Chemist: 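One structure, pasted below without further comment.
The figures here come from the full heavy-atom set of this structure, side chains too, leaving out hydrogens, waters and symmetry mates. Just so you know, these numbers come straight off a predicted model, no measurement behind them. So that the names make sense, note that chain A is the first sequence line, chain B the second, and so on, each numbered from 1.
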Amino acid sequence: MTLFNLKSKLRQQGVVGGLAAAAMMTAAYPAFADIPVEKMTLEVAPPSDSKRVYVTDPGHFQMTSQVFTIDGNNNKILGMSDAGKLPHVLLGDKGNFMAIANTWYDRIARGNRDDYIEVFDTQTHDVTADIDIPEGRFLTAVFTHMATLSTDDKHMMFQQFSPVPAVGLVDLEQNQFVKMMDTPDCYHLFPAPEQNVYMHCRDGSMLRINYDDEGNSTQTHSKVFHPEDSYLVNEPYYSDVTNRLVWPDYEGRIYQAKLTADGAEFMEPIEVFTEEEKADRWRPGGWQLVTVHNDTNELYLLADQRGEFTHKTPSRYVFVIDADTGERLRKMELNHEIDSIAVTQDDKPYLFALSANEQTLYTFDAKTGKKIGETAGLGRYPHILTLPQDSE
Amino acid sequence: MTLFNLKSKLRQQGVVGGLAAAAMMTAAYPAFADIPVEKMTLEVAPPSDSKRVYVTDPGHFQMTSQVFTIDGNNNKILGMSDAGKLPHVLLGDKGNFMAIANTWYDRIARGNRDDYIEVFDTQTHDVTADIDIPEGRFLTAVFTHMATLSTDDKHMMFQQFSPVPAVGLVDLEQNQFVKMMDTPDCYHLFPAPEQNVYMHCRDGSMLRINYDDEGNSTQTHSKVFHPEDSYLVNEPYYSDVTNRLVWPDYEGRIYQAKLTADGAEFMEPIEVFTEEEKADRWRPGGWQLVTVHNDTNELYLLADQRGEFTHKTPSRYVFVIDADTGERLRKMELNHEIDSIAVTQDDKPYLFALSANEQTLYTFDAKTGKKIGETAGLGRYPHILTLPQDSE
Amino acid sequence: MTKKLGFDAAIEKLSRRTANKTGRRGFVGKLGGFLVGATLLPLLPVDRRGRLKEAHAADASNLDAARAGWQPQDQDPQACDYWRHCSIDGNVCDCCGGTLTSCPPGTSLSPSSWVASCYNPGDGQTYLIAYRDCCGKQTCGQCACLNTEGELPVYRPEFSNDIVWCFGAENDDMTYHCTISPVVGKAS
Amino acid sequence: MTKKLGFDAAIEKLSRRTANKTGRRGFVGKLGGFLVGATLLPLLPVDRRGRLKEAHAADASNLDAARAGWQPQDQDPQACDYWRHCSIDGNVCDCCGGTLTSCPPGTSLSPSSWVASCYNPGDGQTYLIAYRDCCGKQTCGQCACLNTEGELPVYRPEFSNDIVWCFGAENDDMTYHCTISPVVGKAS
């Protein structure tokens, strides 16, 4: 139906929708030649692949957030999704769906609080489920691992801090909240097979939580795996596929563990920087400052020469090492002040590098270090990258 | 009570509020000398005066807006108030209260819509009333005169466009919505004494609406006062005190009317620009591009040399004329790209000039044109100035 | 959530809602023939002034050029001075995951529009553009443009780009994301 | 809306809420003495390293300087490198209608805080700052600073500035507006 048919149809109906419809009808304008009206449609994004990347802009503790769907192959924006204050963006089913945990108020930044999970189809960007949860999300500058899907995508979990520490369990098959599971003084959520999820505790141990569909759980602490004065950054790398946890401290020491249904297996810590580099003040720094290419076992660490306790200031370099041996493979100069990095999991990997201050995503060839694209204008302070881990 | 007493008090009570309270308690830290804890308080803004100015940043059609309370005497930010999508900010009682008309959704930019009025005390910035209204606000880039207080501050009115044109009447004494009053194809709201409000209609006439407390109204059209091809800008100047309406068209012709309980009295239109200036392409341009100092009858028009149909692009100059005679008094060069201007109503008036792109409010001495202050960082795209009209 | 994008569905929805809410007060009954049809025609600025302008590209970041007046190009649809955008106020959907004629994924194409006549320097013709807003998401933010060629004040709403033109969008979400610029007619 | 700003009111509220919601599971019962009191003490970084830094002012707009490390000044409380702001992440309330120790009008002073020890170059002393968030309004936006001197990861929450420290604020509004930097102790 064209605009030109519209007016007569409205007249036939004998009732028209007020001024809005009136203004709309003016488009049926006989002083113009009756050429075909261009077809108007709604886009659908192509299916997710291993180079799909989502950039989240929560601003700086702002009430609204925006999630940009970007095709990393060509740095094209495919669409956007809305979120509330300090959201968690999770990808499941090889990137075919996205779950966002939201917090929203009914009087802008006051009034009644509403926490809820929205599930999106990553092609249509339509909401496929809206799940109410208790108003307990732990609101921090976004730590991506403070909410997680289970390894089988059947459950989603989020952390509560106050009034008591707990983990909220959500059933994504039934689309309903299950239970708040009480926990001790532990943080982050790393899923392991067979309905296990791990947390990292203040004392330096890992806590394994085995839960059933009703939210009953048994909890077991591992040994303490790092000393008290080795401060582990807020954004470790964790693969839901390999269940490998890779965790730098403020000085560039990397702790690693394999998290299984049976328990945590810790590797010997490795050092990214030589003694000489440490003397030259090389340290990690940024937000998501570590990423791993699983198949080749290459570890990428965002770093720069810097003072102590500047662990969140962006960096301009990436050190690439063998994650098993610590062997230095290469060093990349990014030529931008980068807050977050993430590498794709295919066999021709790209390294995505996000600058919050420049509101720009840069794409590099992960092997050659060559810059191959960028996407600018990503909101106010974008600093979160989310990639489909289980693609390819 | 100091932080140091807090811990013992909590212990006495035998119950403490989880991790949040625990972290809070760590402030009670005996390794530090027990010096007095600094007193922590809540600010209250000084009483409004004639140099108080409110800057509204609705972004560019964004979901959240911010209203900055600024002391124009010294360009100091006194506080902020939150608002939703495309809010109307109204000042009453000599600037002692502020009413904001809001639109908000429960799923960020989707879901259930809620329209409501919040009334604020302009000293404490506390909400003193929250009034529900029908979800009918006409959402446009903010036209300040599409909502209004009555001249006696007893009522507030807002415009609806769809599904039928109407004006919503709100009783600010009872704090409740009264009625949607049907109207013809007219726009803007200019209050006049004795429960009258005027609108401007498509045909070029003014509509006087006389309403009672129940929202019953009688409506009377004035004569047509401007030709069809004289396009009146979206932001005229109107004084709730003098009831004088001052309305430029795209080319710098000024229409004026006095709006009384008896009807609209129109003045002869005046031209701001000489024929020579018109040939040199001087035209008005900006958002709030006209303001009047009531006591001296000085009219300020934001203008620049420009092409046709660039009526919303900012300007760098202000032409000052006698609003009765059209006599040119002076011309100010602002040296910034200004979107909106407003003059204070005291006898040493300041001209506020707002740049949306620079997110900065500039303050000028209205008489000498000297720049005397600025306030930067006013959000994303601030372009609305609101001053207490009835101060001094 | 269903995706009915046809005019039929949207207009039927709008009409039903109007019928339910306004009762006897239909639009035609209210405004008579004033707004509808031929009386509007002489007001549309189709004088092709675009060709006569001496000025430069209009881009929000280039105020000098914008102030000089509208001078369109036909090469880059994502630039603010692309000819179809002569009266756009907002974000070009082509930069947001949509195209010049399609809305980004997950948004809702409003059936209502404002219009402008835009001169295409490529073929020397003037076309009628019916700007349609894509709704139901926060402002896209990419490719923000404020063009006002032939734009009229709000009391001529069908030519006003300051209005959130989401009337009749899905769920009645009156929230602006971006704008598409389809051609719906040609100056004869 | 009442303005109870005393600790008593806020803590009583928090305690009542906890009592209502958590039942048997009081904080002390849950975490034992682990978090409370003396066991935390050795962890607080009060080594006055601030004085030893070779680096420059930390300002979000000056990343080179920020990366070099913390070097505080005691002249301009609205600048990010003012000594009290050594571990602030957010907006300085002094720029938002408040002061260094008072919240802007209409906000709510949270009774909870994170802490840091900051070196004052004016008197050569190191002070304990208990950063307190003012809550219940959108982010102020003015004077945005991200300082991390002595800042610890989230598993040491009492030293973490990434948390929205609005626990116990009025109406339980967990929404961040700005931060004040009161002195609550002095390194002895």
Chemist: Where on C:C143 is there a heavy atom nearer than 4.5 Å to chain A: the side chain, the backbone, both, or neither?
Modeler: neither
Chemist: To the nearest 0.5 angstrom, please state how far the OG1 atom of C:T139 sits from the CE atom of A:M80.
Modeler: 10.0 Å
Chemist: Run through C:P105, C:S102, C:C103, C:C134 and flag the one making a side-chain contact (heavy atoms from CB on, under 4.5 Å) with A:L42.
Modeler: C:C103
Chemist: Quick one: what part of A:T122 sits under 4.5 Å from any heavy atom of chain C, side chain, backbone, both or neither?
Modeler: neither
Chemist: Taking atom CG of A:D126 and atom CD of C:E170, what is their separation to the nearest 0.5 Å?
Modeler: 7.5 Å
Chemist: For C:T175, which atoms come within 4.5 Å of any heavy atom of chain A: side chain, backbone, both, or neither?
Modeler: neither
Chemist: Before you tell me yes or no, could you show the steps for C:T101 and A:K39 under side-chain contact (heavy atoms from CB on, under 4.5 Å), namely the whole-Å CA-CA distance, both residues' side-chain angles and the distance that decides it to 0.1 Å?
Modeler: CA-CA 7 Å; C:T101 57; A:K39 183 176 164 65; over 6 Å; no
Chemist: Examine distances only and state if a side-chain atom of A:E38 and a backbone atom of C:V183 form a donor-acceptor pair shorter than 3.5 Å.
Modeler: yes
Chemist: In Å, rounded to the nearest 0.5 Å, how long is the span from CZ of A:F68 to SG of C:C140?
Modeler: 7.5 Å
Chemist: If I measure from the heavy atoms of chain A, does C:Q138 come under 4.5 Å with its side chain, its backbone, both, or neither?
Modeler: both
Chemist: Where on A:L78 is there a heavy atom nearer than 4.5 Å to chain C: the side chain, the backbone, both, or neither?
Modeler: backbone
Chemist: Residues two or more places apart in sequence or in another chain: which of them pass side-chain hydrogen bond (donor to acceptor under 3.5 Å, both in side chains) with A:T344?
Modeler: A:D346
Chemist: Set out, in order, the CA-CA distance, both residues' side-chain angles and the distance that settles side-chain contact (heavy atoms from CB on, under 4.5 Å) for A:L378 and C:Q142, then state yes or no.
Modeler: CA-CA 8 Å; A:L378 299 173; C:Q142 296 272 323; 4.2 Å; yes
Chemist: So which heavy atom on A:M40 is nearest to which on C:P182, and how close?
Modeler: SD-CG, 3.5 Å
